[in-house]
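Take a look at the structure below.
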Amino acid sequence: MIIIRVMGGLGNQLQQYALYKKLESMGKEVRLDISWFRNADVQEAVLAERELELNFLNGISYRAAAPDEIRSVLGRLWEEKEKTAAKLKRKLMPASDPCFLEDDMYHEQIFQFENKYLVGYWACEKYYADILEKLRREISFPGENTLAGSADIARRNAEMIQKMQETESVSVHIRRGDYLDAANRPIFGGISTKDYYRSAIAYLKERHPGAKFYFFSDDIPYVREHYQEDACEMIDWNHGRDSIYDMMLMSRCRHNICANSTFSFWGARFNPYESKIMIRPSIHKNTQICIPEQMKALWDGWTLITPQGKTL
């Protein structure tokens, strides 16, 4: 049995789910361990508290791992399982270890596993690129007023979808918030720079002169100050649980400019337009070394732009 630990925000949860569905499509016996969301001690070091937002989406189908199933895979590491992934990593041993931790962009060997507990975020497109079309057909966003949203928010989202479908629309995601915190800035900061966004916007304008840009951010005042001339609309009404609708609106745009954020990656992945342009930073974390040929192979179909604004 393969058990995948689910953790993090909605974008990460979707990646863990996509890997689950990929392994399931291969005939593997797979489970999702969702206990991370029920354990306050596990989340104590997380700057932004998370919910299991995966369950807010329609069309999600999985089998949750029971405690005895997790115990049967982890064996003596069962008690460690309730601690953080970082502590699990210190327990990592050679191939015989029942726990496998992601420590690179892509691990092809996971498709050969039969009895493993997987800990990671699995952001790389290559893991599940061949089933993304199937996931787009299966998964949908909740209907009007399903979450915390008012009728007014539902109306504004519906009107925005109409606009986006009638124009050469481009979503632009600028994530600041927790990326500015002291613990996260060295890891995620300085990647989705002004140079990155200027180059990405210019790239779209060159190919689609009539493009309209729709900005999504957790810091709209910053966006208004720095990107007002590029913005057609700034989406500033989906908050809290309703932020899931920002991902929905991103997916309704014809093209997508992403931050180094899995949230906007999935806005682009759910985008059904065949001729879409998807742009992402060339690296996700500052610890990553970008090898252009490797990144292009692992992120087929994406346009990669460096923090300095160079298109690879």
Side-chain angles (χ1 to χ4, degrees), residues 6-22 32 34 37 48-62 64 121-123 125 128-129 131-167 169-175 177 212-218 220 232-259 261-274 276 278 280:
V6 184
M7 55 188 176
L10 178 58
N12 289 320
Q13 294 170 38
L14 279 164
Q15 285 161 179
Q16 291 145 2
Y17 177 77
L19 180 61
Y20 169 93
K21 299 302 283 188
K22 171 62 179 179
L32 291 183
I34 59 175
F37 298 92
E49 188 175 347
R50 305 298 189 180
E51 288 187 85
L52 185 57
E53 295 176 276
L54 195 63
N55 289 344
F56 297 165
L57 295 165
N58 298 325
I60 296 293
S61 174
Y62 63 87
Y121 295 105
W122 322 110
E125 190 90 346
Y128 32 74
I131 66 164
L132 281 175
E133 178 57 37
K134 182 174 183 290
L135 293 179
R136 275 193 291 271
R137 293 195 304 268
E138 292 178 349
I139 300 171
S140 62
F141 292 88
E144 290 185 5
N145 225 16
T146 302
L147 300 177
S150 66
D152 180 60
I153 288 176
R155 176 188 57 78
R156 295 182 75 177
N157 284 330
E159 290 175 351
M160 187 53 59
I161 288 172
Q162 185 69 25
K163 279 187 181 181
M164 290 169 168
Q165 292 177 338
E166 292 174 349
T167 63
S169 51
V170 183
S171 71
V172 184
H173 183 218
I174 297 179
R175 178 170 175 175
K212 302 294 184 182
F213 296 89
Y214 297 84
F215 279 72
F216 300 79
S217 180
D218 51 9
I220 288 294
C232 171
E233 298 270 358
M234 296 193 185
I235 314 302
D236 61 357
W237 54 83
N238 292 315
H239 303 295
R241 283 191 169 191
D242 292 326
S243 63
I244 193 173
Y245 293 114
D246 273 1
M247 184 184 288
M248 177 188 73
L249 292 176
M250 290 179 194
S251 75
R252 298 301 198 272
C253 290
R254 294 180 183 271
H255 312 285
N256 309 96
I257 297 174
C258 301
S261 168
T262 60
F263 187 89
S264 48
F265 288 175
W266 279 98
R269 285 166 172 160
F270 282 135
N271 178 347
Y273 290 99
E274 292 185 4
K276 65 183 176 182
M278 300 181 294
R280 60 147 291 175

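- Remark: side-chain polar atoms of Gln16 are paired, donor with acceptor, to backbone N or O of Met7 under 3.5 angstrom.
- A donor-acceptor pair under 3.5 Å is absent between the side-chain atoms of Lys21 and the main chain of Ile131, judged by distance alone.
- Taking CD1 of Ile34 as the start and OH of Tyr62 as the end, the distance is 4.0 Å to the nearest 0.5 Å.
- Side-chain atoms of Gln13 come within 3.5 Å of backbone atoms of Gly8 as a donor-acceptor pair (strictly under, hydrogens ignored).
- Remark: side-chain polar atoms of Trp122 are not paired, donor with acceptor, to backbone N or O of Gln15 under 3.5 angstrom.
- Lys22 NZ to Lys134 NZ: the interatomic distance, rounded to the nearest 0.5 Å, is 11.5 Å.
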Steps toward side-chain contact (heavy atoms from CB on, under 4.5 Å) verdict (Met248, Asn238): CA-CA 11 Å; Met248 177 188 73; Asn238 292 315; over 6 Å; no
CA sep, side-chain torsions, deciding dist, call: Glu159, Arg155, salt bridge (charged side-chain N to carboxylate O under 4.0 Å, His left out): CA-CA 6 Å; Glu159 290 175 351; Arg155 176 188 57 78; 3.1 Å; yes
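- Scanning all heavy atoms of the two residues, the minimum distance from Arg252 to Ser169 falls at O-OG, 4.2 Å.
- The backbone N or O of Ser217 lies less than 3.5 Å from no partner atom in the side chain of Arg175, so there is not a single donor-acceptor pair.
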side-chain contact (heavy atoms from CB on, under 4.5 Å) between Glu53 and Phe37, worked out: CA-CA 10 Å; Glu53 295 176 276; Phe37 298 92; over 6 Å; no
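- Side-chain N or O atoms of Lys276 include one that pairs as donor or acceptor with a backbone N or O of Ala268 at under 3.5 Å.
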Pair Tyr17-Ile139, side-chain contact (heavy atoms from CB on, under 4.5 Å): steps then yes or no: CA-CA 11 Å; Tyr17 177 77; Ile139 300 171; 3.9 Å; yes
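- Open room surrounds NZ on Lys163; 12 or fewer heavy atoms of other groups in view lie less than 6.0 Å from it.
- Under 3.5 Å, the side chains of Trp237 and Asp242 contain no donor-acceptor pair of N or O atoms.
- The ring pair (Phe, Tyr, Trp, His ring centres under 6.0 Å) test with Phe141 is passed by exactly one of Phe270, Phe56, Tyr245: Phe270.
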side-chain contact (heavy atoms from CB on, under 4.5 Å) assessment of Cys258 paired with His173: CA-CA 5 Å; Cys258 301; His173 183 218; 5.5 Å; no
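- In this structure, Asn12 contributes its side chain and Thr262 its backbone to no donor-acceptor pair below 3.5 Å.
- Side-chain N or O atoms of Asn271 include none that pairs as donor or acceptor with a backbone N or O of Met250 at under 3.5 Å.
- Met234 pairs in a side-chain contact (heavy atoms from CB on, under 4.5 Å) with only one of the listed residues (Tyr214, Phe215, Phe216, Phe213), which is Phe215.
- Across all their heavy atoms, Pro142 and Ile244 have their closest contact at CD-CD1, 4.3 Å.
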